[in-house]
Every structure is written in structure tokens, then in C-alpha cells.
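Below, read A as the first sequence line, B as the second, and so on, with proteins coming before strands; counting in each chain starts at 1. These numbers were taken from a predicted model, which means no experiment stands behind them.
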Amino acid sequence: MAHRITEACTGCTACAVLCPVFAITGERGALHRVNEARCVDCGVCGRACPKGAVLDQKGAPCAAVRRPVWPKPVIDAGRCSACSVCVDECTKEALAISLPRFRGDLRVFAQLAAPEKCVGCGLCERACPLGAIAMEVPT
Amino acid sequence: MNTPRYVKVDLTGGRVEDFPISEAYFRRYIGGKCLGARLLLDLMPKGTDALAPESVIIINTGPLTGTGAPSTSRFNMSFKNVLTGGVASSNCGGQFGAMLRRAGYEGIILTGRAPSPVTVEICDGQVKLLDARELWGMDTEQVQQALPRHYGKLFIGPAGENLVRYAGALSGERIAGRCGGGAVLGSKNVKALIAYGTKRPEVARPERFSAFVQKWVRFIRSHPMTGDSLPRYGSAGLVNKANASHALPTHNFKYGHFDRADAVSGETLAETELTRNSGCVSCPIRCERRVKVYGKEVKGPEYETLGFFGPNIDADDLPKALELNYLADLLGMDTISLASSIAFAMELKERGMADFGVEFGRVDDLPDVVKKIARREGIYSDLANGTKWLSEKYGGQEFAMNSKGLEMASYEPRRSVGMGLGYATSNRGGCHLNGGYVPLLESVGVLQMDAQTPAAKAELAVFMQNALEAVSSAGCCLFSAQTFIPAIFFKLGPNHIVTRITGRVLSLAGPPVRLMLALSDLLRFNTKYILPHAKALGLATGLKMDTGRFLRLGERSFNLERLFNLREGLTGKDDALPGRLTETPQVEGRPDTVVPLAKMLPRYYRVRGWSADGVPRAKKLRRLGIEAS
């Protein structure tokens, strides 16, 4: 099942802009729709919707959450192999592989380079083959 | 059982239909180049020209592609080889393969010719043809920028549009370079394929798979080859090693040693031009070089490119080699065939047989030449046809460095005779990887077996060819197989007595390796030390898989490709090398510095279970479960 948008939608486009997999479409001011084939149930739309118009995969309404307390990836640099799966996954371009600290430095790893772009979708956590990423709510 | 989902697109009429792969096919041919070869045999009408509308190109993935297993961003293109007329499979990293699977398909089969340039869009299980007239003519950077940002992309450059016979197709900055896949796409009027979707590839045993992947990644990162040497120097680190063992082609393969080779070595690159290393998505090895060209950070060269835009044309200008590498990528051409064609033209000039305005040791005007080749301008159109075509027109077959028509890579077979056998027998032509990559044991690896002896070379070539075929079919990068040489030898170093003795003993490995090949069905075990891919493949597909079955898969793939070649008219007679390698000793007065191909070839056929003229015997095919088409 995928997330759904109810008639309460006012077409503010907040969800469509944030959706990390471009699954939400709709004109400004008109009812938005979720492409069910593409939705990955990350819940970003539900957190962002000011009208409570999003139902999650179980059909329960999602509660709005303020952006500063959206979860963010915390990366275990020791475990990370810098394979870039998470970087590739992140369509918001919030993640990047660190730069070498000196010429010939091979110890590089993924890091949250642009935290302000992160929408907390958790796709990086799901994709990491090494389990090096955990989504945590910033304190 | 989840069998792979393929889709067939007839570009002429714009018809799209699902192409089911039966369970029997999946069990036997798995995916990647093995299934690709099977489908080529099934779908390609015999004798079709590689660039004709009826020709078929299969772009597919392996079961491990995009699963998160190490080095699995690879996808495969199988088509009729533009340069040889035989089989071609070209393997590439980048985002396209994984994205194709996420878009809902394991493979796409293209046939026909679109009436005008198109982009094939594969999105959430739907395939559409989009108008690409505006993209036609763009270089590979421009076309990437013009296509949607987060899609997996596979596209060609101007060289592919102009049907340069060694044009490649790119995904990101990675290129499926060899054999002319770009020209095949160009001949079909396909500028690009783009894919997007969010369906994660399913694996049969997710928990065990994930645990194994973590173990495997740790192993790769701790191995001196994949954890240190390749990330530090890339494949370019081989320049000095090959030069030291006189296996570095110099002056169009006339010599095997170049005094100034260090100027274009991986070590010099790392000290001077390298900005950082990088890698394909999902790969912990990170062998990619990042360098600055024209003020931009771009992908740096591989060993083959440095060798060919360096010693093979008597040059030691590293920045120029980087520039030429960048231009070849920008225009969408295979650097090996391109540089080898240029070196051949230089030798033609030296001998007064033809003048393309290129000379050994002069690199300043080569960027212009490369651009003219991509545009097929004037006489440079000839250079765009490859060395075989050139030698048929201008003469010089004995120094046209190709096998079956595909230019050889930068390993001098006279000091690495197993590579000579590999070049001669490789199904796609003079290819080091399809040829088995025996130099890893002879001239560029830590173990240095006797490079001149034919002993054990046939057996090792067969074993390594099979192993590499299977790794490719599974969807992995071949570099992930480099861990099969035990780490201990790297720690001891090449000069340690144990390493040297092991190298020597390898010459005696013929009979045991042959026995192992014959009895592979008994190799019912999995180990991360030899081919960890087998276990990962088993866990991902749910099929019974072990080292023996995995090697059989490779053997099946190699035989299938051979059958395609035979059907298209390439026979045992084409398992040949240019006269320079088999007749002229590399070192004057040392008659052993030639490739003793006539000695190795009959033995190779016997080990393969082929007849004396190189045709797989019916018994062998039955054993491998290959049905005649």
C-alpha cells in the first residue's frame, strides 16, 4: 500500500516539493495525487502536510511534524565503505562522500553535507548495504 | 520463483511488449552476458549486419545488480560486434543498471530502427519512446545535462551517432566502450535510454544476503589489492609493473618497455594530477581517478588508456593523456580501439604506407585528430573504422594489433603469453577481460609465473575466462574477483621467496587446474576467498549455487558466445594474432619472446572440450545444458 491524499488537500504543493521519489503530482491550488506505483511510504508528505490530508499505508491520517524535528541520518563513519549507495539514493542531494583530508587519503565516508536539504525520508538508511546509517531525531 | 522481466521494443513501429524469460532459461543462463548471449542466438537472424535495423541489442542486468552487494552497479549490453562480426558484450558501471531494475525491468531488448532520434524512457514499469531530435549532436556532457536529473541514463555521443565503429555508450561517466555498442545504438537512432523507478530488487533470502554482503565488503576492504592498491593508484598502477616485466606495449606493440613510462604511471598520477579517488555506486573498491582537465574535475584514465596514449605512441605527456581520455569520453569512444587505431596510423606513416598526419612521439595535435575521428571528417573517417579495416585498405596486417578485428588492450602478449592465448581465443576479439586476464599471474600481478612458457597457460586461461564470465553474468564488476589471490602474497611482497616459489609452481598447475575444471560439479562449497559471488548469487536468487555451479555458468556463457561466433562465420582460424606477436621476437636474439600460439591453441581446445578446429563438441554442449538454436 501507498500513502494517499484526501479531499482536504488544498494544493499547497508542500508534499510534492518534498517527495524524494517525485511520486506526488498536482497543480497549485488543486487536489494532489500520489503515484502508488512509485510511493515508498517514507512519510515525508504526511509530516509536511499542514492540513492533515495525507493517509499513511494503513489508512491512518498522518500527523504534521515541525521540520527541525524531522529525523536525520547519522552515519557510522567506521562502518561506511564510501560505496555511495546512499548518496545516489538521496535525490535531495543532502549526502556526499567526504573529501580526502590530505593527498592520498583513502579514509573517506558518506556524510550529511547539506542537513538543510534533508527531508528525513530514510531512504539512505534503507539502502545502506552495511547498516551504517541510522535515522535519529535531532535533539 | 521470480523470473527476470524483460521488455522488447521494436523501434521501427514503436511497439513495446513484455518479453517473458522462462524459469528454465533463468536457472540455466542467470542473466547478464550469459543470458544476453542466449537471447542473441535466439533473436538475431543469422548473418544480420551489426548496424542493420534487424540487428538486436540486449541491455540487461544480473541478479546482483543494484542489490547492494559490492561492485554491482553493472549492466551488460549484448549485441553483434561492429568490429568483428561476432558476439559482443560490453559491461559498464554507472547508475543505469540499478535504475533499470528499479524501473521494473531486468533487461530491455531493442530491435528495428526509429524513424527519427528517440530517447527510450523506462519509468515505473512503463516504456515510452520520446522525441530526441534536440539531443542529437550533443556531446555526452550536454546530453546528460539535458536529460532528467535523477534518472539512470545510458546515452551515446557524437561518435555513436556518426557510427564510429568503436563508439561506446555511457552511463554517468562510465562507458561501455568496447565492440561498438554506441554505433549500434546510433544506427537505431537511439540517443539515450533513461530509467526511473522505486522498486527495489528483491532478494530471495534478505537477512542472510545482507549479513553475507557485510562480510564480503569487509573482506574486500581488508584485501591489499582491492583495499589499498586499486583505491590508491587505480588500474593505472599497472603501468610500472607491466613496464618492469617488459609487457607494456610500446611503439605500437613493437617493444615491451618504455624508458619514460614512469611519467604516465599510476604513481605519478597519484602524486601530481589526482584530486581524489572515487567509484561506481555500491563499490567499496573506488578505483576511479578524479583529475582536472580544462579546469573541470572529470574522470581520470584507466591503465589501458595511459598505456596507449603514452608508451604505445612513444609519449610521456600525462596531462595530454588525461585530455585525450576526457575527449574520448566526451565524444563517446572506446579509448583502447581509438588509441590503437592512432598508433597503427603512426606506424603506417613511419613505413610510408599512409599519412594521417600523426607521428610517434607527437601528441600536440592528437586532440584535434580525436575530434575529427568522432566526426568522421575526411580521411579520419578511415581511422574510425578500426585497425582491421585500415590494414585491409592500407596493408600492414602483421602490425594491426587486433584479434578478430577488436583491438588488443595494453598488455604485450610476447611477455605474457597466456594473454596472447586469451586475446586469440576471446569471443569478442582482442580483449584482456574476455580473454581471461592471465597477465594478473604473469606480468602485472604479485605472483610472477614464467611468462614465456606455454605450460599451464591453456588451463589457467580457460579457468579464468570461465570465472570472469560468471562474475559478469551475476552482475558484478570483475575487479571484485581480484581478491582471489591470497592477501598473504601482497604482504610478503613480490620478491619474497614464498611468493616467488608460488609463482614458479603455477607453471605446474596445468594438470590440477584441468582436473578441477573437469570435476567442477564436485566443488560443492562456497568460500569468500575464491569466488564470493557464487554464494551471493545463490542467496539473491534462491537457486542452488556453489563454486562449481558458478564456474559451469561461466563455461556455459563462454560456449554460447562461441556458438554465436561460429554461426556468424568466425571459426578456429580466427583464433589468431598479428604476425608481429607470433613471428617476430620482442627481443632480438631471444626466440622465446614470441607468443607460441600454435603450441597453446590445440591444448586450449582440448581443455575446453572442443574439436581440433575449435568447435564445441555436442557432448560438451549437452553437459552444459545448451540447446542448439
Side-chain angles (χ1 to χ4, degrees), chain A residues 2-3 19-25 33-42 44 57 76-110 117 121-133, chain B residues 66-73 93-95 98-99 102-104 123-126 148-152 172 196-200 209-218 220-221 226-233 267 270-272 274-286 288 290:
Chain A
H3 277 56
C19 176
V21 292
F22 321 105
I24 303 177
T25 46
R33 297 190 74 82
V34 180
N35 177 350
E36 292 188 14
R38 195 178 275 187
C39 175
V40 290
D41 289 328
C42 65
V44 170
Q57 63 270 40
D76 178 349
R79 200 180 254 210
C80 173
S81 72
C83 74
S84 321
V85 164
C86 55
V87 177
D88 191 50
E89 194 82 17
C90 183
T91 52
K92 299 296 168 193
E93 297 173 8
L95 294 165
I97 299 295
S98 64
L99 292 173
R101 286 156 301 165
F102 51 89
R103 184 175 280 281
D105 180 20
L106 299 178
R107 303 287 316 167
V108 292
F109 41 84
K117 290 185 185 169
C121 63
L123 288 180
C124 50
E125 182 191 29
R126 284 193 218 177
C128 178
L130 301 179
I133 302 181
Chain B
T67 53
S71 319
T72 52
S73 65
Q95 283 86 355
M99 241 353 156
R102 290 213 188 166
C123 211
D124 302 314
Q126 303 283 320
R149 193 172 172 87
H150 295 289
Y151 280 50
Y196 189 81
T198 53
K199 277 175 83 179
R200 255 167 223 290
F209 181 77
S210 167
F212 182 71
V213 165
Q214 300 198 17
K215 209 160 98 179
W216 187 6
V217 169
R218 273 200 298 278
I220 285 183
R221 293 180 77 200
T226 47
D228 189 78
S229 179
L230 280 170
R232 200 173 291 284
Y233 303 118
E267 288 81 350
E271 280 159 27
T272 56
L274 188 75
T275 54
R276 63 195 171 99
N277 70 328
S278 180
C280 295
V281 174
S282 82
C283 184
I285 302 176
R286 297 173 58 80
E288 179 185 336
R290 303 296 300 177

Might you point out which heavy atoms bring [X] and [Y] nearest each other, and give the distance in Å?
X      : Y      : answer
B:Y196 : A:T91  : OH-CG2, 4.3 Å
B:L274 : A:R103 : O-NH1, 3.1 Å
A:C83  : B:P284 : CB-N, 4.3 Å
B:R200 : A:L123 : NH2-O, 4.0 Å
A:G104 : B:R232 : O-NH1, 3.3 Å
B:T275 : A:P100 : O-CG, 4.1 Å

Rounded to the nearest 0.5 Å, how far apart are [atom1] of [X] and [atom2] of [Y]?
X      : Y      : atom1 : atom2 : value
A:E36  : B:D124 : CD    : CG    : 12.0 Å
A:I97  : B:N277 : CD1   : CG    : 10.0 Å
A:L130 : B:R221 : CG    : CZ    : 7.5 Å

Residue [X] versus chain B: region with a heavy atom under 4.5 Å:
X      : value
A:R38  : both
A:V87  : neither
A:V40  : side chain
A:A127 : both
A:C86  : neither

Legend entry - Between B:R276, B:K199, B:R218, B:E271, the one whose heavy-atom pairs under 4.5 Å with chain A are most numerous: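 When all of B:R276, B:K199, B:R218, B:E271 are compared, B:E271 has the most.
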Inset, instruction - Against chain A, work out which of B:G279, B:A211, B:A270 has the most heavy-atom pairs shorter than 4.5 Å and name it. - result: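 Counting heavy-atom pairs under 4.5 Å, the top option is B:A270.
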At a heavy-atom separation under 4.5 Å, does [X] approach chain A through its side chain, its backbone, both, or neither?
X      : result
B:C123 : side chain
B:V217 : side chain
B:Q95  : side chain

Legend entry - Partner chain B: residue of A:L106, A:V85, A:V21 with the largest heavy-atom pair count (under 4.5 Å):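 Most heavy-atom pairs under 4.5 Å with chain B: A:L106.
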Inset, instruction - Please indicate whether A:R126 has more than 12 foreign heavy atoms, meaning atoms of other residues, nucleotides or ligands, lying under 6.0 Å from its CZ. - result: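 Counting other residues, nucleotides and ligands, CZ of A:R126 exceeds 12 neighbours.
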Legend entry - Contact check, side chains of A:E93 and B:H150, non-hydrogen atoms, under 4.5 Å: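 Side-chain contact under 4.5 Å: yes.
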Legend entry - Any side-chain heavy-atom pair of A:E89 and B:V281 under 4.5 Å: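 The answer is no, as the side chains (C-beta and beyond) never meet within the 4.5 Å cut-off.
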